[in-house]
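Notes for the one structure printed next.
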Protein chains: 2
Amino acid sequence: MTRVLVVDDDAQILRALRINLAARGYQVLTAVDGASALRVAADDHPEVVVLDLGLPDLEGTDVIAGLRGWTQVPIIVLSARTDSTDKVDALDAGADDYVTKPFGMAELLARLRAAVRRSTVGQVDGEPVVSTATFTVDLAAKKVVRDNAEVHLTPTEWGILEQLVRNHGKLVGQRQLLQEVWGPAYGKETNYLRVYLAQLRRKLEPDPARPRHLITEPGMGYRFEL
Amino acid sequence: MTRVLVVDDDAQILRALRINLAARGYQVLTAVDGASALRVAADDHPEVVVLDLGLPDLEGTDVIAGLRGWTQVPIIVLSARTDSTDKVDALDAGADDYVTKPFGMAELLARLRAAVRRSTVGQVDGEPVVSTATFTVDLAAKKVVRDNAEVHLTPTEWGILEQLVRNHGKLVGQRQLLQEVWGPAYGKETNYLRVYLAQLRRKLEPDPARPRHLITEPGMGYRFEL
DNA sequence: CCGCGCCGTCAGGATCGCGTCAAAACCGCA
DNA sequence: TGCGGTTTTGACGCGATCCTGACGGCGCGG
């Protein structure tokens with residue numbers, strides 16, 4: 001499911017966007033000011049950001065810069081300003097697109113699709129198979145093989161492993177992991193993760209007590225290393 | 001030099017774009033209909049295409065489809081049609097952006113820069129990593145590497161380092177740093193910062209007593225230098 | 001020269017987060 | 001309804017992490 005972060009201090013627009021996006025199958029994250037937008041983006045790694053200019057706390061260009069400091073996530077700017085210099089500033093700060101209010105929902109959705117499409121092409125791995133020294137994960141077939149024998153995983157175990165493998169090398173926050181596997185309502189049940197990570201390690205690690213591939217980063221999340 | 005293909009059957013606009021783009025250092029290729037546009041694109045592989053809809057020979061979406069059949073080159077559509085369905089059709093056909101005539105040249109140039117920037121990052125340099133002489137910080141993976149070995153950071157240590165790296169070069173006030181890492185209720189506990197900055201320096205600086213990257217600005221805050 | 005403010009350093013104790021285990025609750029299916 | 005597999009929940013021990021207070025160094029102005 002594609003996660004989209006909507007940043008706007010206008011409750012009306014926020015509501016309209018949330019409804020329309022949710023109806024199209026997007027998972028919607030929201031923020032009402034720049035600081036929380038940066039925090040949510042860092043925590044949950046949305047695939048695309050819709051950013052209203054004129055937030056109460058930060059300049060729009062500062063929010064863009066704050067995101068661009070560490071991520072290439074597509075940013076679509078919303079603004080009431082039709083002034084050309086505003087558009088140029090936002091785009092040069094790193095925004096991907098600029099839509100002026102009032103905007104047509106159909107157009108915004110099309111621009112959103114275009115942005116997401118752009119960012120996802122080319123990143124698909126040729127082989128959806130990832131191998132480590134001790135086991136092999138086939139993302140497409142949803143199968144795990146170890147010592148020439150298939151390892152049976154429960155749906156939850158697979159969900160966690162899939163998230164970690166898809167982001168291999170990168171740290172996956174426990175909040176993000178919980179929301180991807182259990183749903184957006186979860187976020188603090190870190191004990192679930194402890195239980196299932198232990199199970200995965202028991203099934204996959206050569207020495208479950210000293211994991212080499214399913215690494216814990218205390219207080220932050222988990223990481224899959226080849 | 002960036003090559004841009006401009007496709008338009010209106011000699012006026014073609015001329016205006018050619019002059020403006022050439023003045024900005026772009027190498028300009030032109031075509032006046034869809035068929036020749038596809039031929040020029042195939043022959044010369046421009047880095048970006050500016051495409052007018054309403055060409056004499058082909059439908060705009062067909063031109064887009066013809067390009068998308070073999071290349072991911074950014075396509076910026078120009079059109080006199082403000083109709084929402086036209087925009088949606090063009091964007092869903094594979095266009096990257098849609099600008100309605102009459103358009104401001106400054107805005108078009110900004111959108112052009114954004115499109116080119118997007119397509120060139122991520123190919124080679126897509127990693128949000130910041131490197132100094134002695135260590136490397138990977139913002140996305142939340143990893144720090146020094147002397148080919150990973151350095152383990154606690155959540156608080158990482159939070160501070162992340163803030164500083166995201167604002168590298170700039171001074172980060174101690175109040176701001178405290179609020180970003182510990183929460184809005186904090187602001188005067190500068191002793192926390194002293195302790196954790198010392199720990200970071202011990203882990204990252206070549207000579208912790210004489211820091212080169214994690215600089216203290218007495219009375220103000222801290223600064224991360226490359 | 002001395003006091004003051006700010007910073008760096010250190011170490012101990014409180015707290016937090018993790019791994020582990022096992023029991024209870026839940027679910028699909030016969 | 002009973003059963004096997006799966007998910008959720010609770011409790012415990014242990015190590016890592018965080019907070020705290022004390023001490024000394026440094027620069028600056030009185």
Side-chain angles (χ1 to χ4, degrees), chain A residues 43 142 144 150-164 171-183 185-224, chain B residues 142 144 150-164 171-175 177-183 185-224:
Chain A
D43 288 348
K142 292 195 188 295
V144 181
E150 183 173 340
V151 181
H152 174 73
L153 295 186
T154 73
T156 309
E157 288 166 359
W158 174 260
I160 293 174
L161 183 63
E162 185 176 11
Q163 285 300 320
L164 294 176
L171 174 75
V172 182
Q174 25 199 26
R175 183 188 192 77
Q176 181 189 347
L177 204 45
L178 280 164
Q179 294 195 346
E180 289 289 347
V181 178
W182 275 268
Y186 294 77
K188 294 191 191 306
E189 295 78 353
T190 61
N191 45 327
Y192 292 11
L193 297 177
R194 293 206 294 276
V195 172
Y196 278 98
L197 262 294
Q199 257 160 17
L200 278 172
R201 290 202 257 251
R202 216 173 304 132
K203 291 183 177 180
L204 299 178
E205 289 279 1
D207 180 1
R210 255 177 303 279
R212 303 169 49 90
H213 306 110
L214 299 165
I215 314 290
T216 298
E217 296 286 354
M220 301 199 281
Y222 295 86
R223 178 203 313 277
F224 174 78
Chain B
K142 291 202 197 306
V144 180
E150 186 172 339
V151 180
H152 177 76
L153 296 186
T154 72
T156 310
E157 288 165 0
W158 175 260
I160 293 174
L161 182 63
E162 188 175 17
Q163 286 300 322
L164 294 176
L171 172 75
V172 181
Q174 20 198 26
R175 182 188 194 77
L177 205 44
L178 280 164
Q179 294 192 348
E180 292 287 351
V181 178
W182 275 268
Y186 294 77
K188 295 189 189 305
E189 295 79 352
T190 61
N191 46 326
Y192 294 9
L193 297 177
R194 291 205 292 278
V195 172
Y196 280 98
L197 262 295
Q199 249 156 19
L200 277 173
R201 291 201 257 251
R202 213 174 307 130
K203 290 184 177 181
L204 299 178
E205 289 279 1
D207 180 2
R210 256 177 305 277
R212 301 168 45 97
H213 307 110
L214 299 165
I215 315 291
T216 299
E217 298 283 354
M220 313 274 299
Y222 295 85
R223 176 205 315 276
F224 174 77

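Letters A, B, ... are given to chains in the order of the sequence lines, protein chains preceding strands, and every chain is numbered from 1.
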In whole angstrom, what separates [X]'s [atom1] from [N]'s [atom2]?
X	N	atom1	atom2	value
B/Arg210	C/dT9	CZ	C1'	16 Å
B/Arg201	C/dT9	CZ	C1'	11 Å
B/Asp207	C/dT9	CG	C1'	15 Å
B/Leu197	C/dC7	CG	P	10 Å
A/Arg175	C/dG17	CZ	P	14 Å
B/Lys188	C/dG5	NZ	C1'	15 Å
A/Leu200	C/dT20	CG	P	12 Å
A/Tyr222	C/dC18	OH	P	5 Å

Audit row: A/Leu204, A/His213, side-chain contact (heavy atoms from CB on, under 4.5 Å) steps and yes/no:
CA-CA 9 Å; A/Leu204 299 178; A/His213 306 110; over 6 Å; no
Nearest heavy-atom neighbours spanning A/Trp182 and A/Thr156:
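Result for this residue pair: CZ2-CG2, 3.5 Å.
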Relative to the 5' end of DNA chain C, which residue comes earlier, B/Gln174 or B/Arg202, by the nucleotide with the nearest heavy atom?
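On the 5' side of the pair lies B/Gln174.
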[X] side-chain N/O to [Y] backbone N/O, donor-acceptor pair under 3.5 Å:
X	Y	answer
A/Glu205	A/Lys203	no
B/Gln179	B/Leu177	no
B/Arg201	B/Leu214	yes

B/Arg223 atom CZ, over 12 foreign heavy atoms within 6.0 Å
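Above 12, so yes.
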Do nucleotides 4-26 of chain D as a string where each nucleotide becomes B, S or -: B if the base has a protein heavy atom under 4.0 Å, S if just the sugar-phosphate does, - if no protein is that close.
--SBBB-------SSSB------
Is the phosphate of C/dG19, meaning OP1 or OP2, less than 4.0 Å from a side-chain N or O of A/Thr216?
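Yes, such a contact exists.
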